[in-house]
**Q** 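Just passing along the structure, written as structure tokens.
Convention: sequence-line order gives letters A, B, ...; per-chain numbering from 1. Worth knowing before you read on, the calculation uses all heavy atoms, side chains too, and leaves out hydrogens, waters and symmetry mates.
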Amino acid sequence: MAKVYKQVPFAAIVPSPQTENEGMITGNWRYLRPVVDKEQCTECKTCYIYCPDACVNYSKDDGISFNLKYCKGCGICSNVCPVGAVSRVPELDFDE
Amino acid sequence: MTLAVAVDAKMQEVTVWTRGVTLAKEARDTATLLAKAGSLEGKYNQSFDNYVDLPDRINVPVKSYARISPEPIETFYEYENYRPDIVVLAEETLVKGNDILKGCKDGCVVVINTKRDINKLIKYLSPKENVSKVKAVAAIDADALGAGVFHTFDGTEGCIDDTKIGAGVGAAMAAAVAKASGIVKLESLIKLADNKKAVQQGWDAVQVVNL
């Protein structure tokens, strides 16, 4: 009996999105896109820590980049940047 | 997608897209003004917000709806406009990344609140297979014609609205819709809106591009 009980999935548990949640794409909430100036950026990763949706990616080769599929354009990265390297550009200035 | 309980052949449906909280009141004003103007002209109307979108959060895409028909409307149990005749965007960036033309009827009219070149915004319209159904795209710089009005925070959800209807951006947008599509008359909008000057200016300033 106990074994059968353990096989039953616990109620109200949904699979955790390990990387992306396709059911909640928030990129179209954004009307100002964060753009990082690679020359000013010191790669201190303050924006990486502060981003509420974990949309800031870092790699040693390319530095800071943003996951624009989920970035809501809240502007926290731009506000916390100590050197002012992240600017916010209107979304319609970009083609894609 | 939808269970059409009743088919109102002559009903015209208006969908107003907007940004949550910051411009929600303006879109509601546009939908309400159009519906009330239709009522003044002896037509039947409905006007409501999208329940699915609520509670809205700041800058989230949300919708308001209006339905106008010369015959009694029998569509009661559809809480969204699945087949819009007129699509209004209260903020220009909504044209990108949202399926604003989903399910639209032939001869659809799109009105965008923008000061950008309207011809550059046409390429963003989606879904692409519905772009051929669009009759005209209109641009109105409504932000320049009326100040934005925040909706009241008394918790009445618009039942008692002391900011008046059509005091801000929504008035100019309603006039732009009226001119681009001919759904209601200018005189009825001027009678109803609080900011009558913005209505007249919106009527004069709208640019319509026929596709």
**Q** What part of E91(B) is in contact with chain A, defined as an atom under 4.5 angstrom from a non-hydrogen atom: side chain, backbone, both or neither?
**A** side chain
**Q** Which region of L121(B), side chain (C-beta onward) or backbone (N, CA, C, O), has a non-hydrogen atom less than 4.5 Å from a non-hydrogen atom of chain A, or is it both or neither?
**A**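 The side chain, not the backbone.
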**Q** Taking atom NZ as the centre, does K185(B) end up with more than 12 heavy-atom neighbours from other residues, nucleotides or ligands that are less than 6.0 angstrom away?
**A** no
**Q** Is it the backbone or the side chain of K123(B) that comes under 4.5 Å from a heavy atom of chain A, or both, or neither?
**A** side chain
**Q** With the side chain counted from C-beta on, respond yes when D93(A) and R116(B) share a heavy-atom pair under 4.5 Å apart, and no when they do not.
**A**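 D93(A) vs R116(B): side chains touch.
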**Q** When you look at T26(A) and V60(B), which way does the side-chain contact (heavy atoms from CB on, under 4.5 Å) test go after all the steps?
**A** CA-CA 8 Å; T26(A) 52; V60(B) 174; over 6 Å; no
**Q** Identify the two heavy atoms, one from P61(B) and one from N28(A), that lie closest to each other, and give their separation to 0.1 Å.
**A** CG-O, 3.8 Å
**Q** So does Y31(A) get a backbone contact from the side chain of R19(B), meaning a donor-acceptor N/O pair under 3.5 Å?
**A** no
**Q** For Y48(A), I'd like to know if atom OH has over 12 heavy atoms of other residues, nucleotides or ligands within 6.0 Å.
**A** no
**Q** With a 4.0 Å cut-off on N to O distance, would you call D95(A) and K96(B) a salt bridge?
**A** no
**Q** For K197(B), does the NZ atom have more than 12 heavy-atom neighbours from other residues, nucleotides or ligands under 6.0 Å away?
**A**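 For K197(B), atom NZ is not crowded (no more than 12 foreign heavy atoms under 6.0 Å).
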**Q** Inspect the surroundings of CD1 in I25(A) and state if more than 12 heavy atoms from other residues, nucleotides or ligands are less than 6.0 Å away.
**A** yes
**Q** Of all heavy-atom pairs between Y124(B) and F94(A), which one has the smallest distance, and what is that distance?
**A**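 In this case the closest contact between Y124(B) and F94(A) is OH-O, 2.8 Å.
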**Q** Are N59(B) and K72(A) side-chain neighbours, meaning at least one heavy-atom pair lies under 4.5 Å?
**A**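 No, their side chains stay 4.5 Å or more apart.
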**Q** Taking NZ in K69(A) as the centre, count heavy atoms belonging to other residues, nucleotides or ligands within less than 6.0 Å. Is the count above 12?
**A** yes
**Q** Just wondering, more than 12 heavy atoms not from K45(A) lying within 6.0 Å of its NZ?
**A**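 Enclosed: over 12 neighbouring heavy atoms sit under 6.0 Å from NZ of K45(A).
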**Q** Are more than 12 heavy atoms from other residues, nucleotides or ligands located less than 6.0 Å from atom OH of Y58(A)?
**A**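 Buried by this count: over 12 neighbours within 6.0 Å.
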